Amino acid sequence: MLANSIVVLDFETTGLSPAQGERAIEIGAVKLESGIVTDRFQALMNPGRRINSFIENYTGISNRMLAVASPCAKVMTDFASFIGESNLLAHNASFDARFLEAEFARLGRQVLGEFTCSLLISRRIYQDAPNHKLGTLINYKNIAADGSFHRALFDAEMTAELWLIMLNDISERYGLENIPFSLIKQLAKTPKAQINKLLTNYASKITKAV
DNA sequence: TGCCAGGCCCTCTTTAGGGCCTT
């Protein structure tokens, strides 16, 4: 079903915009290879300043926890080794991509893999869902959730499970055995009204090729 | 708590506005 590997990641941060000086405070990620979780990464990181009470309440991450965490530079250096040149996935990837790029830029690094977004795919595949928040989609697809949302590793794990189910649903709906990353990239930017045509045509080409 | 930002996406659109998502 999923031929290539991908790293599913999630950041907890001090706010919404690295351009406004916000920093990462936790990174969580799982590595998927052929649809199986083969590795995990989780670390809190000290942003060098206190976080506000909203972020403490929202994430459950306290200033006391961050005071004893490694600095962002150490954690992000380790994370760069973890992801290597893997392609990347996140729920609302534009948010996580901005923070990954910003934290890497502080280290003189660049993101090597390509991002895709489970939010954009879910809006196309699950048009009847109540909304497309991660937690809502987990309930919508009856995925067991035994943990705390808004913690990085748990959200990454949930995004990965949702991702595999989305790929499976696409596979079943259109009779596809493999869904290459290139098709996912195309799917994420195709208007909703053209999704059926895109996937039907792709399935037709695959069938003819076989 | 919900504004800050930014990209996507819909519509009462495209010379724009506002909701959805992420923390």
Side-chain angles (χ1 to χ4, degrees), chain A residues 6-30 41-66 69 72 75-76 79 83 88-106 111 114-141 143 145 147-163 166 184-198:
Chain A
I6 193 167
V7 169
V8 186
L9 64 91
D10 183 72
F11 276 106
E12 305 306 320
T13 70
T14 62
L16 292 174
S17 175
Q20 300 297 310
E22 306 294 0
R23 299 296 304 272
I25 58 173
E26 186 182 39
I27 178 68
V30 300
F41 187 102
Q42 185 277 330
L44 292 169
M45 60 191 110
N46 189 334
R49 57 186 169 85
R50 292 181 62 81
I51 59 174
N52 64 39
S53 60
F54 172 76
I55 295 297
E56 281 192 314
N57 293 331
Y58 187 80
T59 63
I61 298 168
S62 67
N63 280 295
R64 181 173 295 183
M65 293 161 69
L66 295 178
C72 294
V75 171
M76 295 311 298
F79 188 60
I83 63 177
L88 304 163
L89 167 73
H91 200 69
N92 197 12
S94 65
F95 173 85
D96 294 279
R98 279 197 299 275
F99 274 96
L100 184 61
E101 288 166 359
E103 294 294 344
F104 272 19
R106 289 173 178 268
V111 179
E114 287 189 76
F115 259 99
T116 194
C117 177
S118 55
L119 170 64
L120 295 182
I121 303 298
S122 72
R123 282 176 173 161
R124 287 159 172 76
I125 301 303
Y126 302 137
Q127 296 186 25
D128 292 336
N131 59 56
H132 298 86
K133 295 177 182 177
L134 178 61
T136 300
L137 291 170
I138 294 301
N139 287 330
Y140 179 71
K141 297 306 297 181
I143 298 169
S148 299
F149 283 106
H150 307 305
R151 286 301 301 267
L153 182 58
F154 184 75
D155 281 4
E157 299 258 18
M158 291 294 97
T159 301
E161 289 205 36
L162 175 65
W163 179 247
M166 283 199 292
I184 292 296
K185 293 285 290 182
Q186 194 174 356
L187 182 59
K189 62 184 181 184
T190 298
K192 286 180 183 176
Q194 297 174 24
I195 290 300
N196 195 54
K197 182 179 179 182
L198 169 72

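Since the structure is predicted, the reported quantities are computational estimates derived from the model, not experimental observations. Order of the sequence lines sets the chain letters (A, B, ...), proteins ahead of strands, with each chain counted from 1.
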Engineer: For the C1' atoms, the ones on dC3(B) and on dC10(B), what distance do you get once it is rounded to whole angstrom?
Structural biologist: 23 Å
Engineer: Please state how far atom CD1 in I27(A) lies from atom C1' in dT23(B), giving the value in whole angstrom units.
Structural biologist: 13 Å
Engineer: Side chain of A19(A) only, heavy atoms from C-beta on: which candidate in dG6(B), dT23(B), dC9(B) is closest?
Structural biologist: dG6(B)
Engineer: In whole angstrom, give the distance that lies between atom CZ of F149(A) and atom C1' of dT23(B).
Structural biologist: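 In whole Å, dT23(B) C1' and F149(A) CZ are 16 Å from each other.
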Engineer: Could you check which of dC9(B), dT22(B), dT23(B) has an atom nearest any side-chain atom of L134(A)?
Structural biologist: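 Out of dC9(B), dT22(B), dT23(B), the nucleotide with an atom closest to L134(A)'s side chain is dT22(B).
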Engineer: Return the value, rounded to whole Å, for the distance between atom CZ of F99(A) and atom P of dG6(B).
Structural biologist: 11 Å
Engineer: Does dC9(B) have its OP1 or OP2 closer than 4.0 Å to a side-chain nitrogen or oxygen of R124(A)?
Structural biologist: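 Affirmative; the distance criterion is met.
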Engineer: In whole angstrom, what separates D10(A)'s CG from dT23(B)'s P?
Structural biologist: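 After rounding, the reported distance stands at 5 Å.
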Engineer: Using modelled atom types only, decide if a donor and an acceptor are shared between the side chain of E161(A) and the backbone of I143(A) within a distance under 3.5 Å.
Structural biologist: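 Answer holds: no.
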Engineer: How long is the straight-line distance from NZ of K185(A) back to CD1 of I121(A), given to the nearest 0.5 Å?
Structural biologist: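 The NZ atom of K185(A) is 9.5 Å from CD1 of I121(A), to the nearest 0.5 Å.
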Engineer: With a 4.0 Å cutoff (strictly under), does any side-chain N or O of H132(A) reach OP1 or OP2 of dC21(B)?
Structural biologist: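 So the side chain of H132(A) is within the cut-off, an N or O lying under 4.0 Å from OP1 or OP2 of dC21(B).
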Engineer: Would you say the side-chain atoms of H132(A) pair up with the backbone N or O of Y126(A), donor to acceptor, closer than 3.5 Å?
Structural biologist: yes
Engineer: Using only atom types and a distance under 3.5 Å, with no angle test, would you say the side chain of D10(A) pairs donor to acceptor with the backbone of G28(A)?
Structural biologist: no
Engineer: Does dC10(B) have its OP1 or OP2 closer than 4.0 Å to a side-chain nitrogen or oxygen of K192(A)?
Structural biologist: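 For dC10(B), OP1/OP2 do have a side-chain N/O of K192(A) under 4.0 Å.
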Engineer: Could you state the CZ-P distance from F115(A) to dG6(B), rounded to the nearest angstrom?
Structural biologist: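 In whole Å, dG6(B) P and F115(A) CZ are 17 Å from each other.
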Engineer: Let's see if you can work this out: which of dC21(B), dG7(B), dC10(B) has an atom nearest to the side-chain heavy atoms of S94(A)?
Structural biologist: dG7(B)
Engineer: Which is it for S62(A) and E56(A) under the side-chain hydrogen bond (donor to acceptor under 3.5 Å, both in side chains) test, yes or no, and what are the steps along the way?
Structural biologist: CA-CA 5 Å; S62(A) 67; E56(A) 281 192 314; 4.9 Å; no
Engineer: When you get a sec, tell me which of dT23(B), dC8(B), dC21(B) is the closest nucleotide to the side chain of D155(A)?
Structural biologist: dT23(B)
Engineer: Starting at NZ of K189(A) and ending at P of dC8(B), how long is that distance when rounded to a whole Å?
Structural biologist: 11 Å
Engineer: Please give the distance between the C1' atoms of dG17(B) and dT1(B) as a whole number of Å.
Structural biologist: 24 Å
Engineer: Is a side-chain donor or acceptor of T14(A) paired with a backbone partner of R23(A) at a separation under 3.5 angstrom?
Structural biologist: yes
Engineer: How far, in whole Å, is dT15(B) from dT22(B) if one measures between their C1' atoms?
Structural biologist: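 Their C1' atoms lie roughly 31 Å apart.
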Engineer: Would you kindly compare T14(A) and N57(A) by the position of their nearest DNA chain B nucleotide and give the one closer to the 5′ end?
Structural biologist: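 This one resolves to N57(A).
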Engineer: Quick check for you: among dT23(B), dC21(B), dA5(B), whose closest atom lies nearest to any side-chain atom of L119(A)?
Structural biologist: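 Nearest nucleotide to the side chain: dC21(B).
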Engineer: Which whole number of Å gives the distance between the P atom of dA16(B) and that of dT23(B)?
Structural biologist: 31 Å
Engineer: What distance, rounded to whole Å, do you find between the two C1' atoms, one in dC12(B) and one in dA5(B)?
Structural biologist: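 Per the computed distance, 27 Å lies between those C1' atoms.
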Engineer: The side chain of T13(A) lies closest to which of these nucleotides: dT22(B), dG6(B), dT23(B)?
Structural biologist: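 Nearest listed nucleotide: dT23(B).
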Engineer: Return the value, rounded to whole Å, for the distance between atom CD1 of I55(A) and atom C1' of dT1(B).
Structural biologist: 12 Å
Engineer: Rounding to a whole Å, what distance do you find between E22(A):CD and dG6(B):P?
Structural biologist: 12 Å
Engineer: Side chain of S17(A): nearest nucleotide among dT23(B), dC21(B), dA5(B)?
Structural biologist: dA5(B)
Engineer: Please tell me which of the listed nucleotides, dC21(B), dA5(B), dC8(B), lies nearest to the side chain of K133(A)?
Structural biologist: dC21(B)
Engineer: Contact class for L120(A) (heavy atom, under 4.0 Å): base, sugar-phosphate, or nothing?
Structural biologist: sugar-phosphate
Engineer: Is H150(A) near enough to dT23(B) that one of its side-chain N or O atoms lies under 4.0 angstrom from OP1 or OP2?
Structural biologist: yes
Engineer: When you match R98(A) and F11(A) each to their closest nucleotide on DNA chain B, which lands nearer the 5' end?
Structural biologist: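 Checking each residue's closest nucleotide, the 5'-ward one belongs to R98(A).
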Engineer: Provide the distance between the two C1' atoms, one in dT14(B) and one in dC8(B), to the nearest whole Å.
Structural biologist: 16 Å
Engineer: Between R98(A) and P18(A), is there a donor-acceptor pair closer than 3.5 Å when you use the side chain of the first and the backbone of the second?
Structural biologist: no
